Amino acid sequence: MGAWIMEETIESKLEEYELINPPEDFVKQANINDPEVYKRAEDNPEKFWEELAEHIDWFEKWKRVLGWEPPHAKWFVGGKLNASYNCIDRHINKRGEKTAILWEGEKGDIRKYTYNELLEATSRFANALKNQGVEKGDIVTIYMPMIPEAVIAMLACARIGAPHSVVFAGFSADALADRINNAESKYVITTDGYYRRGKILEHKNKTDEGISKAETVEKVIVVNHLDNEIEIKPGRDVWWHEIIESADSTCEPEKMDSEDMLFLMYTSGTTGSPKGIVHTTGGYMVGTHVTANWVFDLKEDDIYWCSADVGWITGHSYIVYGPLSNGSTIFMYEGAPDYPDKDRFWEMIEKHKITIFYTAPTAVRAFMKWGSEWPEKHDLSSLRLLGTVGEPINPDPWWWYYKNIGYEKCPIVDTWWQTETGMILITPLPGITPMKPGSPTNPFPGIKASVLDDEGNKIEPGHGGYLAIERPWPSMIRTVYGDEERFINTYWSKWGPDKYMTEDAARLDNDNYFWILGRVDDVINVAGHRLGTMELESALESHPDVVEAAVEGIKDEIKGEAVFGYVILSSGSKEDEKLKQELRDKIVKDIGPIAKPKGIVFTDDLPKTRSGKIMRRILKAITNNKDEGDTSTLQNPEIVDELKRKVKELD
Ligand code: WTA
């Protein structure tokens with residue numbers, strides 16, 4: 001553990017004694033307000049989860065709650081269910097006419113689906129998929145912006161037992177190709193285009209470019225979202241609206257095994273290409289259903305808005321499966337938060353009387369920077385609960401959010417979790433837990449989280465260590481798609497196969513509250529999005545002028561972290577702005593606009609050990625102008641000051 005982590009520890013310590021009780025009126029009406037629930041879960045975690053599994057509809061009950069052969073877990077063994085049935089069909093009698101999806105386009109157009117309509121749309125599209133040849137077990141790639149069809153496509157896949165792999169629409173064509181190839185996906189669902197800040201993004205072109213580098217694709221289904229001219233490849237491309245016309249409007253949901261794959265979600269890790277995190281059906285549905293209900297306190301008349309994109313795990317668990325399995329009304333928005341103006345979010349919250357709002361700290365920091373005059377223009381009194389996810393929220397933005405958006409009457413749930421965990425694992429329960437700005441507080445009932453050292457010993461409060469999860473939980477990662485070895489090496493080898501390594505550093509305070517200190521692997525968290533240094537470096541290195549590149553995270557006021565690159569050029573290449581721009585464009589093209597470097601420095605050398613390995617800890621310190629600590633193992637210690645100077649010059 002580097003000096004870096006310890007320093008962070010001291011920064012966060014200042015705030016640790018500030019305890020804010022959940023508002024009394026909220027507590028009285030909360031779904032869960034008896035702390036006894038923690039004890040009950042701890043006494044018998046399996047029994048606890050078994051009772052909660054009753055909140056899901058099963059075609060056949062499980063025979064065993066948990067089969068645990070570390071690191072392989074099977075939950076609700078032998079149970080049969082369907083995720084789309086749980087999100088739609090089971091609500092039809094009670095709330096068929098209730099709005100399931102309320103959608104607003106960037107231009108202000110509104111679309112609504114009741115649960116009855118969602119059932120019909122999903123069933124039709126599920127049948128259309130079958131007619132196109134999709135079979136149970138086929139992985140379907142969904143590359144779509146925030147439109148209702150993205151959710152319908154996911155649910156339709158779940159209905160027929162075809163795991164989906166949703167690729168964030170903002171990702172590049174190359175990123176799409178990598179993911180299609182890894183999953184050997186034959187089917188892609190996409191759109192003609194979508195709006196972002198008033199401009200049309202030509203999404204179909206990008207899809208075509210990606211598919212040109214992916215050999216497995218046979219069929220592409222295209223939603224006509226904008227009615228703009230696009231090229232349709234005969235035999236390969238079909239229109240969504242055409243194939244649903246002839247499809248039957250009822251579709252029997254497949255009886256899926258509890259451990260059948262529900263979806264794949266790619267995420268960045270330390271080395272190599274992004275890994276496909278595999279989630280299965282039974283445990284995932286139980287985990288997301290219960291956490292959505294308890295953490296967001298979902299009630300029948302809530303209008304719930306999670307502003308994440310469906311292309312991330314947050315969108316999967318807390319736009320789609322968690323809230324819809326609770327029969328909630330979910331709000332979705334197509335576009336940018338500052339279009340046409342910086343009060344767009346607040347305007348929509350007022351207009352639709354949104355009651356629960358879940359967003360990322362990076363968004364809160366941007367809102368804070370834009371100023372409180374924007375929310376002040378609107379009546380936000382419909383809100384009753386706020387949430388954050390994706391990165392630590394510093395106390396300042398926390399207070400800003402609490403006062404200016406929540407009017408000091410809404411609890412804030414700061415939720416810690418990961419693509420791999422599938423569900424929220426560390427969080428306040430809003431009717432129970434006193435909050436501390438900056439801390440996600442305590443593990444969810446039944447979850448055993450701890451802070452460990454390299455040997456697996458518990459670290460005492462006040463000191464940084466690795467965040468570990470020491471007991472299986474229902475929605476945990478089952479494997480890395482096609483790479484079991486990577487699954488074991490990444491998550492289950494640091495301390496043996498029964499302790500999950502989160503790759504986060506954390507510490508406890510004297511009240512046993514958790515403080516997350518950041519990633520310990522080579523992942524940069526840009527505005528809550530995980531980017532692997534390896535992927536970024538190979539993007540730079542594939543430029544003909546680049547000999548070697550190293551990438552680090554640099555602190556950023558709004559995004560938390562941003563990408564910062566160090567580049568060694570081949571002799572004869574010119575170190576100029578034009579080349580820097582080319583390198584920026586290269587990263588945007590290979591990965592996506594979120595990865596655009598904040599700065600690039602040309603250099604002749606990088607801080608390396610005698611064996612030639614880049615010392616990340618030192619490069620990170622250089623990038624962020626921190627004390628680099630011990631440099632005695634470097635073969636070229638003089639490079640430290642030189643790079644520090646160059647980084648400073650860029651400011
Ligand atoms: C970070 C997003 C601090 C953490 C759901 C984790 C957080 C990574 C929090 C997972 C939080 C997420 N406080 N850090 N409340 N939530 N993180 O897979 O480093 O995109 O490992 O999942 O985000 O990112 P992922």
Side-chain angles (χ1 to χ4, degrees), residues 5 8 11-12 15 166 168 170-171 263-270 274-277 279 284 287-288 291-292 295 306-322 358-365 386-395 397-398 401 412-428 433 435-444 449 451 464 466-469 475-477 480 490-491 500-507 513-532 553 559-561 594:
I5 297 295
E8 294 287 301
E11 271 178 35
S12 54
E15 303 296 332
V166 182
F168 174 51
F171 270 147
F263 65 86
L264 257 183
M265 174 92 238
Y266 284 88
T267 188
S268 294
T270 298
K275 30 188 185 192
I277 307 302
H279 282 291
Y284 178 81
T288 54
T291 45
V295 176
C306 163
S307 74
D309 192 284
V310 285
W312 308 113
I313 191 70
T314 306
H316 283 49
S317 301
Y318 299 110
I319 295 177
V320 183
Y321 293 108
Y358 187 36
T359 195
T362 183
V364 178
R365 289 192 294 266
L386 302 173
T388 62
V389 58
E391 26 159 359
I393 178 160
N394 341 51
W398 192 98
Y401 196 34
I412 296 180
V413 287
D414 172 351
T415 61
W416 178 92
W417 58 296
Q418 306 176 302
T419 306
E420 293 86 344
T421 70
M423 67 185 225
I424 294 167
L425 291 193
I426 304 182
T427 178
T433 318
M435 298 167 279
K436 287 192 190 188
S439 160
T441 74
N442 312 135
F444 191 81
V451 179
Y466 303 102
L467 179 62
I469 313 294
S475 64
M476 63 199 280
I477 175 176
V480 172
T490 312
Y491 305 108
Y500 171 80
M501 166 60 162
T502 62
E503 306 268 2
D504 271 1
R507 75 177 177 88
Y513 273 44
F514 282 80
W515 294 80
I516 308 296
L517 307 173
R519 303 279 306 187
V520 294
D521 59 2
D522 297 333
V523 165
I524 305 180
N525 188 337
V526 181
H529 303 149
R530 280 166 67 172
L531 301 171
K559 295 179 185 158
E561 264 187 311
I594 43 169

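All values derive from a computational prediction rather than experimental measurement. Counting starts at 1 for both ligands and their atoms, following the listed order.
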Checklist entry - Just by distance, with hydrogens left out, do Asp414 and Trp398 show a side-chain donor and acceptor under 3.5 Å apart? => result no
Next on the checklist: Residues around ligand 1, heavy atom under 4.0 Å from any ligand atom, sorted by chain and number. Can you pull those?
Outcome noted: Ile313, Thr314, Val389, Gly390, Glu391, Pro392, Asp414, Thr415, Trp416, Trp417, Gln418, Thr419, Asp504, Ile516, Arg519, Asn525, Arg530
Checklist outcome for this item: On a heavy-atom basis, the closest approach of Arg365 and Pro397 is CG-CG, 3.8 Å
Checklist entry - With Thr441, which residues qualify under side chain to side chain donor-acceptor pair (under 3.5 Å), at least two apart? => result none
Item to check | Short side-chain to backbone donor-acceptor contact, Thr291 and Thr288, under 3.5 Å | outcome: yes
Checklist entry - Salt bridge check: are Arg519 and Glu561 linked by an N-O gap of less than 4.0 Å? => result no
Checklist entry - Does Phe171 have its ring centroid less than 6.0 Å away from the ring centroid of Trp312? => result yes
